[in-house]
Amino acid sequence: AELQRKRVTLKLPKLIESLRKDVAEYQDEHGPLLIQGKLCLDVIEEKENDYLERKREEKERKKRQKMRTQSEASKTGTPHKNAKGAPRPGSIRRGAKENSQHNRF
């Protein structure tokens, strides 16, 4: 899924630009190209705007979720965990490791 997302992110803008160019050339030679009664270039722009809006909303949703997770962690006193589930460096008290070494002797 991550690889697919990366491909779309990299290739989509290039594909859209190429499609716009090809449609413009076609329209110069043959007249307006319509899709369900709408100009093809307008449809392309609508779809691109829809995609960008969904992407922006997803980014905002992830940002809110991260803030909520951090807020909950600070309320409960549990260290915030990174994506792999391990506590972030510095989120564990430094004295805990030193104290455990002293208890061994």
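Just the heavy atoms: all of them, side chains too, but no hydrogens, waters or symmetry mates, feed the values below.
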Enter the distance from [X]:[atom1] to [Y]:[atom2] here, rounded to the nearest 0.5 Å.
X	Y	atom1	atom2	answer
Asp42	Leu33	CG	CG	11.0 Å
Glu46	Leu39	CD	CG	10.5 Å
Leu41	Leu34	CG	CG	10.5 Å
Thr69	Arg64	OG1	CZ	12.5 Å

- Message: With salt bridge (Lys or Arg N to Asp or Glu O under 4.0 Å) as the criterion, how do Glu57 and Arg54 come out once you've worked through the C-alpha distance, each side chain's angles and the decisive distance to 0.1 Å?
- Response: CA-CA 5 Å; Glu57 288 172 356; Arg54 282 194 314 270; over 6 Å; no

Would you be so kind as to tabulate the donor-acceptor pairs closer than 3.5 Å made by side chains of residues 3-12, with sequence neighbours excluded?
{"from": "Arg5", "atom 1": "NE", "to": "Glu2", "atom 2": "OE2", "distance (Å)": "3.2"}
{"from": "Arg5", "atom 1": "NH2", "to": "Glu2", "atom 2": "OE2", "distance (Å)": "2.6"}
{"from": "Thr9", "atom 1": "OG1", "to": "Arg5", "atom 2": "O", "distance (Å)": "2.8"}

- Message: Quick one, Glu17 with Lys14, criterion salt bridge (Lys or Arg N to Asp or Glu O under 4.0 Å). Give me CA distance, side-chain angles, the key distance, then yes/no.
- Response: CA-CA 5 Å; Glu17 188 59 36; Lys14 293 175 188 174; over 6 Å; no

- Task: Compare every heavy atom of Arg20 with every heavy atom of Glu48, then report the nearest pair and how far apart it is.
- Result: OE1-NH2, 2.5 Å

- Check whether any side-chain heavy atom of Arg56 sits under 4.5 Å from a side-chain heavy atom of Lys59, and report yes or no. no

- Item | For Tyr51, ring pair (Phe, Tyr, Trp, His ring centres under 6.0 Å) partners two or more places apart | none

- Among Asp28, Ile44, Val43, find the one that has a side-chain contact (heavy atoms from CB on, under 4.5 Å) with Val23. Ile44

